[in-house]
Every structure is written in C-alpha cells, then in structure tokens.
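Each remark here refers to the structure printed beneath this line.
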Amino acid sequence: MLLEIIFYTFASILICASLGVILFKNPVYSAVSLILAFITTGMLWLLLEAEFLAIVLVLVYVGAVMVLFLFVIMMLNIHQEEERSGFTKIAPIAIFLGLVIAAELIALYWIQSDQFSGLESISNSSLSVDNTLLLGTELFTKYILSFEIAGFILLLAIIVSISLTLRTRKNVKKQIASDQIAADPKQRVRMVDIKRGEN
Amino acid sequence: MTFNIIGSILPEVTIAIAICIVILVNSLVRNASVTLIHSLVLFFLSFALFLSFVSLELPDSNIFEGHYVIDAFGTNLKIIALIAAIFVHLTSIKSKQNIKNEIFLIQLFATLGVMILCSAHNLLTVYLGLETLTLSMYGIVASNRNSIEATESAMKFFILGAIASAIFLYGVSILYGVTGTLSLDLIENSKLLDSLEMRIAVAFMACGIIFKFGAFPFHSWVPDSYQGSNTTAAIYISSVPKIGAFALIARLFLDSLNAISDFWSILILSAGLLSIIIGNMIALVQVNLRRMLAYSAIGHIGFVLLSFSIVNPNGVSASMTYLIMYLIMTIAVFALIESIASEDHQHIELGDLKGLSKSHPLIAFMLLFCMFSMVGIPPFIGFYAKWIVLSELVNNDMIWFALIGVTMSVIAAYYYLRVVWFMYFENNDQDIENKGVINTQSITSIMISAMLLLIGLYPSPVIDYTRRIISSFLLID
Amino acid sequence: MLSLQSYLTLSAIIFSIGITGIVINRKNIIIVMMCTELLLISVNFNFIAFSHFMQDLAGQIFVFFILTVAAAEAAIGLAILVALYRNKKSISVGDLNKLRN
Amino acid sequence: MILDLMIWSPVIVGLILLLIGKNTASLSYWISLATSLLVFGMSMYALSMFKTDQVGIQFELIAPWIERFNINYHLGIDGISFPLILLTTFITPIVLLTARTSNKINLHQYLASFLILEGLMIGVFSALDAFLFYVFWEAMLIPMFIIIGIWGGENRVYATIKFFLYTFLGSVFMLIAIIYLYISTGSYSIFDFYNLDLSRMEQILIFLAFLFAFAVKIPMWPVHTWLPDAHVEAPTGGSVILAAILLKMGGYGLLRFSLPITPAASNELSMLMVALSLIAIIYIGMVALSQTDMKKLIAYSSVAHMGFVTLGIFVVFLNHENASIDNMNIAISGAMIQMISHGLISGALFLCIGVMYDRIHSREINDYGGVALSMPRFAGLMVFFALSNAALPGTSGFVGEVLVILASLKVNFWIALLSSTTLVIGAAYTLWMIKRVIFGPITNEKINNVRDTSPVEFIPLIILAFMVLAMGVYPEPLMKLMYITLNDLSELVFTGVGL
Amino acid sequence: MILEYSLVALLSPLIGGVLAAFLGKLLGKIFVNVVTILGVTISFALSIIIALDILESSAVLNQNIYTWLDIGNMSFHIGILIDNLTASMMVVVTFVSLMVHVYTIGYMQDDPGYHRFFSYISLFTFSMLSLVMSNNFLQLFFGWEAVGVMSYLLIGFWFTKESAIKANLKAFIVNRVGDLSLILGIGIIFSIIGSLDYYAVFSQSQNIAQTELYLSDAWSVSALTAACILLFGGAMGKSAQMPLHVWLPDSMEGPTPISALIHAATMVTAGVFLLARMSPLFELSTTALSFVLIIGASTALFTGILGLVQNDIKRVIAYSTLSQLGYMVAAAGVSAYSVSLFHLMTHAFFKALLFLAAGSVIVALHHEQDIRKMGGLRSKLPITYLTFLIGSLALIGFPGFSGFFSKDALIEAIGHADILGSGYAYASVLIGVFITALYTFRLFFKVFHGAQDDHHHAVKESPLSITLPLILLAIPSAIVAWPTVGPMVFGSYFANSISQPDAYQIFGYEFTTAFGFLVHAFSSPVIYIAVFGVLTAYVLYIYKPSILENKYLESSFIYRLLDNKYYFDDIYENVLAKKARNIGHLLWTIGDVKTIDNWIVNGTAYRIGNIANRIKVIQSGYIYHYALMMILGLAIFLGWTILNVGVSS
C-alpha cells in the first residue's frame, strides 16, 4: 500500500513536472521542471530496485546535463518568451496525436496483453549481490564491446562539441603551446647589420 | 581466443586506431595540412578495406557473447561502406578549401558506426552503432559551423534524430519486454513473435529505421540537411549511412523478425511507395540543386524499400542492387557538383548551371550521364536498378506498385532533365570560357561517373554479387 | 500491488507528453531538446520496469548506455545550439525556417 | 559480327569525337562522314550476303550478358529489320553530309550525337533480346534529346522535354510488359515470347502496354502532339532522322512484338487501331491543311502517312471472312514499304526545308514565295518530293499507300474510301505549301538574293530523289528482301488468331 | 518487233524530256528542240508503223515487261498492250504532240522557261503513252496520275502568275478526287479477281458481276456496278465531267500549246479512253451506263451554254471542249464506244487546231485574250483565219468536215439508245448542237469579223513554226473522217479491244460509204440545228449586235447563273475548300492544341506541378511541422497495427 502511495504521488509529480517542461513559458522554469522530473524518476526507479541507475540519473542528469542546459540558457540569455503565433492551429492536432499514441499504448498494455500482466514484481533482495555490483560485473564482461563503443561515442561528443563551439578569438593574446614548442631560434633572432651613420 | 576476436574485428579496430591517430595528428602537429589528414584517412580506410577483404575468408562466428557477428553479409556490407567512404573522401580533396579537418575525423566515426551496424547482433550494440552513426552525422551536417544554413539544418536534424532514436528505443524497450532478451538470435526464437505487442514494437522500430533511410514520412531532415550542409558533408550523409540503415533493417527485420515479415513488409512498403511519390513530386518544384537531389534521394530510397518489402531473397537482393547503384550515382552527382562549386558559392541553384557545358564541358558531360542514369535510361546503371526492382515487383504480383513506380520515374525525368537543360540548352550570359581545371577531385568525380556507364554496359557482376550475398545471408540464419 | 502495467502506463504518458511538447512548442529550441530528454526518460522507465519484473539485468545495462549516449547527445545538441545562436542570434523555433521548399 | 561492327563502330567513334573533337571541327566532320559511309558499306556488304529466300534470322549473334536473368546479347536481322537498317545506314551519311550547311556551335558534338544515334538505331532494329531491344530503344532518347535541345530553335526546351517525357512515358509501360513476358517465359528472347500461350486478358494488357510505347513513336493520334513540336524545333538533321528513322521504330515494334506476341489481342483491338489510323489519316491531314509553318506541316503529314502503316498492320483482322494470308501479306508489305518510303520522302522534305531555312531563316510559309525563280534546281527537287509525298505513282510514296488501300478494300469499302481520301487531302496540303513557297511571285526580297543549292545540299537530295523514284518504279527488290519474313509473320499471326 | 517498236515509241519522248530537263539550260535551245522533237517524231513514226501493222494483222500484243511487285501469289506487272484502240490513241497522241512541239518553237520563243516547257511536254507525251499502252490497271493509274502531274506543272508553267498556280492546284486537286474514285474502283476489282491485268479481269468479268459489295451488313450493291461507277469517277475527273469540270476552264492559264495538247486533244480524252478500255465491264452494268450517259449528256449541254458568256478566247474553246467531252462520254454511255472514240479522234484534231489558232491570235495580239478587244482580224491573219474557220466548221459538225461524221454518228447512236436516261440525253445533245454552233461562231465572228479594234496596230501573221502546225492540223480536221468513219464506227476496227453491241444495232442503219452517210445525215435534224445556230450567231453578233445590249439581260438570273458558271467554283472554293481549311484549323486549335496539348499533355504536367506545389508545403521549414509529420506517421503505424491485428485476432 505504501508503495502504491509512493508510486502514485511521484507519478503525479512526474507528470506535472513533464507538463511543466512543455508548458512553462520561461525556459529556466522548464529546465527546473525537468530537473524535478528527473529527480522524481530517480525516486520511482528506486521503487524498481534500480538503485545504481537512480543515482546515476540524478548525478549525471541533474548534476551535469541539466546544469549544462541551464548554463546554455543563461549564456545565451534566452529566458524571455518568444512569439507563439500559430500555436492554436497545430496544437489541437498535436495534442490529439499525443492522446492517440498514449491511448494506443495504454490499450496495448492493459487490454491485449497477457505478457505484461503475467509478470509479478519480485524483490531483488533475494539475490545476494547488490545492483551496482551486478551491473558492474555484467558491464565489464558481457558488455565490454558496448562499453568500448560508448567510450567512442563520448569521444565523438567531445570532438563534435569542441569543433563546433571552440573559437579562437582574434585580437586576444593567448599562449599557443604548439607554436612555442616548435619555436626555432633561427626564426626568432634576426641578425641585422646596422650600418653606421644611418640612425 | 582474444586474438581471434580482435582478428575478426580488425577493420573496425583499424578505423578506431585511425580515429585516435588523426586526433593526435590534428592536435599535435602544427597546422596539420588537409593533405596530411586526407592521406591518413585514406590510408586507414584503404587498409580497413583490405582487412575486410581478408576477413571475408574467416568462418562465420559470433563474438562478444553474441553481440557481434562476423559473417559474409556483414563483411560485404562493410566493404561496400568502406569503398563508398573512400570515394567520398577522394571527392572531397580540393586544393583550396575552408573545410575543417574535423569533418574527416567525424566521418571516420560515422564509418565506424556503419561498420558496427553491419555486424551488430544485439539490440544494445545496434543501438550504440546507430548512435555512433547518428551523432557523427549531426557533427558532419553542422561542420560548416559558420553558416546559418548548416547550423540550422543540423539543429533540425538533431531534434528529429533525437525523436527518431527515442521512438526506436521505445520499440526496443517493448521488444525487450516481450521477449526478455536483447539478442537478435534469441528474439527470433521467442514464442511471442506473432503477438500484438511484438508488432507494436516493430512499428516503433520501423519508424526509427525509416528515419535512417530518410523515407517518407520520416524524411524531413533529408532535404534540409542536404541543402544546409556543405557538399562534402552532403556526399557523406547521402551515401554511407544508407548502408548502415540497410544493415539494420536486414539484420533486425529480415533476419530476426522474418516470422512476421508479412506485417513489417507492409509498413516498409507503404513508406517506400509514399517516398517514391512524395519525393519525386516535391523534387519537381525545387530550384536548389542539392535540395532537389535530396528529394530525388527520397524517391530512390523509396524504390529500395519497396523492393525490400518483397522480403524474399530476390526482392532483397534487388533492393541491395538498387542501393549500391544509387550510391554510385549519388556520389558521382555530388562529386561533380562539388567540383564545380566554388568556395563562396556552395548553394548551387539550377540557374547556376547555365552554360556549364561550355565552362566545364567534361564535368557537364558526366553530370549528363548521372542525370540520365537517375532518370533510369539505359545503358546507365540507374536503369538496371529500376529494372531489377520492377522485375521483382512484377514477379511478386505487385504490378500496380511497379506501374506507380514507373509513372513516378517519368515525372522524375522532368526534373533531372531540367539539370541537363540548364547545362546544355541555356547559355550563361556572363562568361563563356573553358574553366575546365582538371584536379584530383575532378578526375575522381569523372571516374565515378564513368562507372555509371561501364557498369551499365555489363551489370552482371553487381547483380550476381548482391544476389550471392543476400542468399547466403538468408540461408545461414 | 503495483503491476508492470502501471509503470508502463506512466512511461507511455510521459512519452506522449514529450512528443506533444515537441510539436506544440513555439518557443525556443532548448525546450524541444528537453522534451527529447522526456522521451528518453520514458524509454528508460520501460527498460527498468521490464528489467525489474523479468529479473533480467540487461534492461538496466541498456539504460546505463542510454544515459551515456543521451549525455553525449545533449552535449552535441547544445553545441549545435550554441553554434546556431552565434550565427543567427536566435534560437527561436519560429526563426528556424531558412531552409524550406 | 558485322552487326556488332555496325552498331558499335559509330558509337565508339562518336564517343571519341565527343572527347577529342573540340577544336577540330573539320577533321571531325570528315571522320564522322567516313565512319557513316563505312557503316553504309558494311550494310551493303550485309545486303550482298543476305539470303532473301531463307526464313528466319540471319547474321545471328548471341552471347550471354546478364546470366541471372537469362539476358543475352542477341543480334540478328531478318526481312523486317534489314530494310530499316539499310534505311538507317543510308540516311545517316546524308544527314552528316549536310551537317555543315549551317553554322553550329560544337559541331563535333553534333556529329558525335548522330553517330551514336546511328549505332543505337541499328541496335534497336537488330536486337532480338527484348531487354537489349529496350536498352537500345531508350538509350536512343539521349542523343536525340541532346540534338534537339542544343541545336534546336527558339522553343527547343519545351519541345525536347515534351519529346522525352512522351516517349519515356510510353516506353516504361513496355518495360513492364517485357518484364511480365520474361516472368512468364523465363527468358528475354523475343522468339520465346512468340511461343507463349497468354490468356485473353493478358494479351490485351500486354498489347496495350506495347502499343503505348509504339504509338507514341509512330506517332498515332492522339499521342502525336510531341512530333510537330519536336520537328519544328529540331535542327534539320534532327528532323530528318526523327522523321526518317525514329518514327519507324514504332511500326517495327508493332510488327516485331505486338503482332506475333499478342495476335489475339491484335485481332480483338484491330477496330481501335484502324479507327486511330483513320483518324490519323483524315483528321491529321485536315490539321496539316491549316498549318502555316512548313516543318509543322510536314510533321503532321508524317503522322498522316504513318497512319497507313498502322492501318496496314491491323486492317486485315477486321473482316475475318475475307482475311487471307495473301491479303495480310499485301497489307503489311504496304506498311513496310510505306515506312521505308516515308523515311526517304519526309527526310528529303525536311532537308529541303533546311536548305531554305539556312538561307531565309524562317519556316513560315508566308515568308516565302517564288523560290523557283531564284533556286530553280532546288525548286524542281522540292516539287518532286512534294509530289512523292502526295503519293504520286512512280514514286515510292505511292507503293505503300496503294497496297494498303488495296488490302483494305478487301476488308471494308468504307475504310478504303476513308483512307484513300489522303490522295486528295495529302495533295492539297503538300501542293498548297508548294504553291505558296516555291511558286508565285517573290514577295520577300531576301529570296531574290539567295543562291541555288550548293553541291553538298544538292547531292543528298538528288540521291534521295533517285531512291524515291527507283522504289516507285521498281519496288520488287525491296519486296523480295522482305517477302519471306513477312509471309512467315502472317502465317504466325494467322495461326495465333486462329484464322 | 512490235514490242521493241512500242517500247521505243514509249521511251523516246521520256529520254528527250529528261535530256532537255537536265542539259537544256546548259546546251541551249537548239539542243532542246532537237532532242524533244526527235523523240516525239520517232514516237510518232513508230506509232504509225505499229498502227499500220496492227491494221493488217489485227494481232494483239499483250506483253509484261517486268514485275513491279510480287507479293506471294499476287504480282503486279508493268506491261504493254497494243491493240487497235491503243494504236489509234498512240497515233493521235504522238501526232498532236508533234504538232505542238513544233508550234511551241515559235510560241515560246522568248520565254525563259523554254527548255523546261519542252521537257514537260515531252514527258507528258511519255505519260500519255504509258497510259494508253498499259496492259493493266495499275500502270493505267500510273499514267493517269503522271499526265495529271504534267498537266499540273504545265498549267502552272508561268508560276509567278497567281492565277496560274491557283488553277494548277485546283486542277490537281479536282483530278485527285477523280483518281481517288478510280483507285477505289481498281481496288474493288482487285479484291475480287486478285489481279490487275486487263485480260485477266475481263475474262472474269462475270465473276465480278456476281459478287456483292457489302457497304454495310444490310446494304449491298453489285460490285461490278460499284466498280464501274468508281472507275467512271476517275474518268469524270480527267475528262472534266460535271461536277468535276471546274478545273478545265481555269487550266487555260497555261500556255496555249498545252491547252491544245493536254486540255483538248489528249489528256482530257483519257476518260473516254478509259471507258472504252473498260467496255467489257461497263457492258455488264446498265446502271453504270445510265450514270455515264446522264453525266455525259449534262456536261455536253450545260458546259456548252457557259461557252456563250465567256469573253476569253481560250475559255470559250475550253467550254467547248468540255461540251464535246460530254458528247463522247454520253456516247460511251449508250455503249457506242467506237463512235465515242471516233469523235475523240476528230475532236483531237480540230480542237487542237482551234486552240493553236487561238494561240496564234493571242501571239499576234501580244498576249491579248479578251475577245471584246478583238475584231476584224480576218485580213491580218489570213492563215489563222482560214484554219480557224475549218476548225469551227468541224466543231459544229458542218457536213463534210470530220466533226460532222463523228458528231452525227454520235447523236444518232444516242437517239437509238433505250437505256435509262437516253431520252434526256438525246434532247440534251440536240440542244447542244445548237449551242455549239452559236458559241463557236460567236467567237469566230467576234474575233475575225466585226469592227476592227484600234488597240492592235502592228498585227501580223505568225511565223511558220506556228502556222505550219495549223495547216497540218487543218487537213485532218477537214478530211480525216472520210476514210475512217467506215471502219471505226461501222466496221470491226475496234473489235479486238472494245466490247460493244453490234455497230449496226446502235444505228439501225446500214452503212455503205462515207458519202452515203453524209446523205443519210440530211434526214436527221442535226445539220439543220447547226446551221440555225450559225445563223443565230450571225444575227446576234454581226447583223444586229444591239439585241444583246440589253440591260435587262445582264441583270437577269440566268445571265448571272451563267456568268458564275452555275456557282460550281464558288461552292468548291468558298464552301468546300475554305471549309476544309477551317475544319482543319478547328481540329488543330481545338483538337490538337487545346484538347490534347494544353488540356491533356500540358494540363497533366500543370496539374502535377500544382499537386507538387501543394505537397511541398509539408516541408515548411518549421521543425514542429516536421515533428508532427513523424508523429503522425508513428500514430498511423500504431493505429494500423492495432486495428489490423486487433480485428484479425
């Protein structure tokens, strides 16, 4: 019963927060809503005994990704509300479609399925090892290839982000390490014959 | 054991190493020249290609706990992808340009992603391969970062791509829920294959895959990103990723979900058919050359999907034949456009082609080949591509689809011919002088265009090749 | 007792909200990007729920990778956004229509 | 082997000229002329080797091409295709010879296009594999498209796109039909198609698919409207080739594909075909009467004359009581002869118009008058060709038409009556043009100053005139070339129809 | 030997003509004269030899020369048939042609198209010979059309004259209408017999007679009648029978020599020749014969009347020609082919004479053709006057002249006929005799007698090359009938070529000698009517011309009707020809341009473009639209999946 109460409470908050994300006019509010949604999600995941992921979600998402979002919002200074023309024209269709998709999925889960209703919630506590350890073990044995690929994806993200945003500003004095290393005395010092009487 | 595993994935490893080396070179070598980066990339791509050929000899094997599979199908697709990538790189060689070196690096990532997709045999690996590809494609499209068009198109592509991958993942999650496994082998054996849940999952995944192909109604990113990005980027995203998408659909749908092929084939079929219609229709009214080619690509992909939806080995091999021939054509066309586009004038409108036959006679002539090939006029390969697809359609009692296909080809002919018309029938008011500068890039583009005719005169090898690959693929599993 | 369906339904609702949000948004791109995060949350929800109810760890592993990729994706997305903003001085959805037929 | 040479030597020379001919217009001219003459020589050699008393294919050549689909590189000629090949090899040197009468940009490309076109046209006529046939058939569009588009008149873009799309639309349906036939037989060989046992519905659909392709090429009413535009805009050489050879492919296709593959459908739909042919003859003849542009007039007259070809091919089926192999022979011989003859005459007329256009730069009839005064030699030839066009006995124009009329009289009096109105209508529009252009007082002072034909213009015309006359006075050699094959075809079709 | 002779006779004008055409300009007038006249002379001489030979032996030569076309069981040949009919036609043709050749030397002296003209008339002679010498229908058609073309070229000889090229086009088109009919007639015969050889066809004529030609399922006619009427249609075109006569008067736009050669003596009689040649067929169909008779008689009368109001010297003669052709055709209609041919022969001589004499007048008056500006030329042009008089007398059938014999026999034959329409025909031809005399002498009086016109001072007699042919033609015009009337009309001269009822039965009269015939003729009204006609002319044009200067007369309906030639020309030109062009224009603009091109072809393109323009808005550039499209796709996929599976399970 307690679980149900927790679930429904957090579920409601999650839904409200999600709605907040899409409905707030100020992007900062939206971002904060999203943070709320992430935290709530983390709570719900704890219910499902995915402790590690719940923590990762909060740490990585809230702590890193959402901060990035907020940082960008602040940096670009885009908190004001923009035009909303045409909202009414397309919104009903979009909302209708959203409802249709939700209805389709819910119908799938509740009406048709034997598969989804047949499963019972079983506590993980019967297992002797904790979630994080299990995940770690799996990750570095069975899923090593995926792990490597994920590494490459992160590398890719770094490269793309840098190549898109790194700017070498003109008229700004800064150190260029490679130039310094490559410096050669012969190019630096120019021997000049000063003729007498010219100066 | 370990060595065997590494040995099997040597091509991928080569690309990975190449990525690292290029990163190092690019950041450590002072003012690393484009030529150097190019040579490195080319060397590694060729080496990977060589290794792929070598690994054709390897016996089929499942490695990494079945997450990765080495078989003839995957290796052959890798070979095709690598060849395409090499050609794309070759056509990007330009003496003077402001393209940043990073684009070649990111292209390497994308190629790696495609290669992973070719061999991935687990939904997680598939997902990661797909994301490697997708994320690099965002980077490629955005690589011309100082251009409004490029960043805008990248932004759109990014948003749509994110939606698509979320939709795909949603499908994967349901699939996982239904079958309890992520392994493609095990999915095949699931007892619930024929359930509604499964179909819903497949429908979700189909959306993701169709998005990768760039077919209607998940095509919206194609025109914008073809037009917005620079030509080098457009060549890449119009060619190599399609192979990844093909690998994906083949492994996931054709192989693992073959049991419900009568279901997903209809989704693919409708997407294909609508792509042919919508793509060609909208292409009719385009003035920007790359945008027009984008819509034409949608139309071509429609044929690929239409033929794929036949599901049987003949149909799929026709689909693959079409894909290969499409790749050749599209690389050729973009390469030619690239070689006439000046740096400050990347966005070529049809009107800019006026008098091309006089200023660049050879390029114009080859572009003429390409256009007729795209129309589907023999003896160019475009014709064989269409013909083989039509043959399979007729053979499988889908004659109405064949008729729609040919009718749309006729409509398509109009806008392809418009290119020829502008090049040959209109005169440029300004300068009519022969600017036929022959550089490496032109030579490459001309070489590729000449392939249109040469393969067209004797298309048997390609036809037999795809047929062999597909039948081996479908028989093994 | 909470059934699997409850979780799935919640996830479906979040998915729909995310997807609707993308379409009805007329503000700026960044909110659209947040909506895609919502979509991913719903997917993750599914995986974790299945994983829990089927006692299979693969789902959680998958979520782990989704989180990784999502972070990378967000980084790239924001980078593109910044680049776009530099060029266009706007990230309004409505301004993003230079490329069209 | 000789067919191979005839197809590929002009194509290869053409491609080479394209690449290297840029600054050597004169040399390219002579090279291309020599090549086409060489091909003509080869066709003459083939003629000397051709056995007129032998049923079936000669000079056959077969090699695998796309083995998976059982497609062969299969060439050969018989009495139907050989005359048309001769026509092709005969007309092309003439066209090339006159290529330099007017200034053209990039002459080497012009010449190369014609050479390539020649090879492909010979390919169409000699291909015995349906796939190969289709490849040649479609590939031919490219040089023609280029010829009209680059060297055409003011409105060339519209004309050339229209030409291309029309013919392309027509032929894609043929492709579907060919594929269908392949799937039914497992082979692309035309002769395998002949033996196919198709149901009534299949036959009709296949017939219609083929018909669409051929009808556009012939062109039959109502899919003829590309022709006037294409002719008007095309350069002289293009018009000549178009009228002389390209249009014949439709008729050839009907004889090669439609009749033997779908005899029952040909029989069943003969009413439609005859009706369309009669419309072409009368309606288009009337339309030609009201033209003020010479090329348009001749173009419409082409449509009307080609109406006799289709009439000849299909008329016999209309009346089963009187149908006989003999009558069929007469009818399709008429159709064949009409094709050859129309090739010569309309080609010559377009050359004539070209000669005038080069001087006055107008195709409008109203801009002319009294050409006979300043160009008597030319006027004589032009009047001769005009009279041949009006089916004057003793010229080739008469032979085909009279045979078709004779054959149709056996079928139905009214059809014969309607078709023979061409004697009046044809004479009316052709001679009306002659009256306004060649005769009469000089109204346009430009005409006062023009010179008569130069040898380069005169020689082709006189050769054509000789051929027209020779065929009219003594058509028997030509007939002998075709007879066995046509008879064979008639028998095949009659068996197929069940007569 | 005859074969070789006839071949040479046939080909020598051709060679002459071709040489003159190609080398004439180069080698000069003398060369042209020599080759063409030599060609025709050879031809004439051989014709005489052949005629004499055949007169002696009566052996018919029927020989194929080569196979024109051979389609399986059916062959078309080119061949020669020499019988009495052919032989006499050859003589007439080559003789008149020779005369015209000679005449032309003087007549066309200063014309820039001198060699062209000679080449044309030589080629014409060849064409005409090949027509008459043919042994099959196809070759007949060759010659038939070839003479038509030469006539076309010759009428338009002065091609800068608008009226000339209008006339030649008209002539060709009208002739083509006839040819259309002819080819259909030939086709019917071919479709039944399967051969086009005369003898093959004639031997199976019964076969044709028994065949029915189905014009529809319910309506059939005798194939023979249909074929004969269609064949006669051809003759109507060439021989200018009503209503296809309109081209002949206009053809006078051509030079006078060809009016004499083609439009009086030879080509226009081809129709009569055709009727005679086809007599074995016509004899089997009285319907066809009646048709021929009525058309012929009408032409004889009504075109003659038109001659009364013409003021152009050549046109008067042209209408007279029309009328005389009507006589010949009418005679054929009553099966009196031999009489018809006889009249053909005499008419060829005297009409050629009249034309050439008229030409002589025209030359003398420096190409003045209006008879109102002539008068009193009798003294200035004595030879012309005399020969013209002979011609005129022959034309009206003055006793003793050749025209008398032929015309009298002809009228007699018609009078004795009893087929449908013979009464009408008899009346027509009798009135025709009066009309003929009236217009002939109207012309004669107006030109040679009456008040002298001041316009022409330096009028002098034409040169020898002109007068010589006049004289040479005047002789046969006067006397040729005397020796020939017996064998040709009453004898068995044409027995080997014409199938007609016994000559005696036509007339109900026993022929003894020409003189006897002359005497006998005085018992018929013909002579008196003719003389009455001459007198009337004298009264109206010499004695009291004031009768005609009547305002009322000029405004009367009849006068207008005649002046407008019964409105045939108006109907043809303003109604038929114009309508045809209008319809063509309409078909073009509405059918081709509007419907097919603009509506179907361009319309389709336009509509596709329209649709494309409408579809393209889905790519609006706004990301929410793109996203919406994706979601819509997803929703549809899902919905379809659920519905499909849900329903099926």
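Quick note on labels: first sequence line is chain A, next is B, and so on, each numbered from 1.
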- Message: To the closest 0.5 Å, what do you measure between CD1 (E:Ile611) and CD1 (B:Ile278)?
- Response: 10.5 Å
- Between E:Gly609 and B:Val285, what is the shortest heavy-atom contact and its length? O-CG1, 4.2 Å
- Hey, are the side chains of B:Ile210 and E:Phe637 touching, using non-hydrogen atoms and a 4.5 Å cut-off? yes
- Query: Shortest non-hydrogen contact from B:Ile282 to E:Lys616?
  - Reply: CG2-CB, 3.8 Å
- Message: With heavy-atom distances below 4.5 Å as the criterion, would you say the side chains of B:Tyr414 and E:Ile608 are in contact?
- Response: no
- Let me know if B:Ile200 has heavy atoms under 4.5 Å from chain E in its side chain, its backbone, both or neither. both
- Item | Approximate separation, where rounding is to 0.5 Å, of E:Ile623 CD1 and B:Phe158 CZ | 10.0 Å
- Heavy-atom distances under 4.5 Å only: say whether B:Leu160 touches chain E with side chain, backbone, both or neither. both
- Query: Using non-hydrogen atoms only, which part of B:Ala164 is less than 4.5 Å away from chain E: side chain, backbone, both, or neither?
  - Reply: both
- Query: Are B:Phe216 and E:Ile618 close enough, and set up right, to give a side-chain contact (heavy atoms from CB on, under 4.5 Å), and what steps lead you there?
  - Reply: CA-CA 11 Å; B:Phe216 188 86; E:Ile618 62 170; 3.9 Å; yes
- Closest heavy-atom pair, E:Met629 versus B:Pro217, reported as atoms and distance to 0.1 Å, is CG-O, 3.9 Å
- Query: What distance do E:Trp640 atom CH2 and B:Phe263 atom CZ have between them, rounded to the nearest 0.5 Å?
  - Reply: 5.5 Å
- E:Lys166, NZ atom: more than 12 neighbouring heavy atoms under 6.0 Å: no
- Atom CZ in B:Phe218, atom CG in E:Leu634: separation rounded to 0.5 Å? 6.0 Å
- Taking C-beta and beyond as the side chain, do E:Tyr626 and B:Asp224 meet within less than 4.5 Å on heavy atoms? yes
- Message: What I'd like to find out is whether the side chain of E:Gln619 reaches to under 4.5 Å of the side chain of B:Gln286, using heavy atoms alone.
- Response: no
- Message: Would you compute the distance between atom CG of E:Leu628 and atom OG of B:Ser220 and round it to the nearest 0.5 angstrom?
- Response: 10.0 Å
- Message: Heavy-atom cut-off 4.5 Å, strictly under: side chain, backbone, both or neither for B:Ile411 against chain E?
- Response: side chain
- Could you state the interatomic distance from CD (B:Glu197) to OG1 (E:Thr641), rounded to the nearest 0.5 Å? 12.0 Å
